[in-house]
Amino acid sequence: MHDVLLWLLFFFVAFGAKFVLAMATIYFIFPAERTCSECDADTLPVRMGLAGRAAARLMGGRIQRRWCPRCGWEGMTRTVPVPESELLPFADGRPVRN
């Protein structure tokens, strides 16, 4: 039993930790803003292909492909939670996104 735990620990250190670090590095490379990095205009989400959806699933659904209609920039961005100050209340007091 002790040998199995040592092999599992070795496997995680040799492969799993490197995979987790690579995914974290890739995630933080993407910009976190919803504005274009070229012209600072608002961008629109674009439907991703199979590879993009698989990458988004690996990242826990926290990346999006976005497109700028002003300059034509297209790329991946991180999705960030909307701050509470940007939420508008419904008539019954429930918050809703802009």
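Values below: every heavy atom of this structure, side chains too, minus hydrogens, waters and symmetry copies.
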inquiry  = To the closest 0.5 Å, what do you measure between CD (Q64) and CE (M76)?
reply    = 9.0 Å
inquiry  = So I63 and T77, do their side chains get closer than 4.5 Å, heavy atoms only?
reply    = no
ask   = Are L44 and V46 grouped together when hydrophobic residues (ILVMFWY) are joined by side-chain heavy atoms under 4.5 angstrom apart?
value = yes
request  = Verify the cluster assignment for M23 and F30: are they in a single hydrophobic cluster under the rule of side-chain heavy atoms below 4.5 Å apart?
outcome  = yes
inquiry  = Rounded to the nearest 0.5 Å, what separates atom CZ in R57 from atom CE in M48?
reply    = 10.0 Å
ask   = Are any non-hydrogen side-chain atoms of R70 and E38 less than 4.5 angstrom apart?
value = no
task = Grab the two heavy atoms, one from T35 and one from D42, that are nearest each other, plus how far apart they are.
result = CG2-OD1, 3.9 Å
message = Assigning hydrophobic clusters by single linkage (Ile, Leu, Val, Met, Phe, Trp, Tyr; side-chain heavy-atom cutoff under 4.5 Å), is F11 placed with F19?
response = no
key: Student check: side-chain heavy atoms of W73 and S37 closer than 4.5 Å   = yes
ask   = How many angstroms lie between atom CZ of F15 and atom CZ of F10, to the nearest 0.5 angstrom?
value = 6.0 Å
query = Regarding R78 and the six-membered ring of Y27, is the cationic atom NZ or CZ under 6.0 Å from the ring centre and inside 45° of its axis?
reply = yes
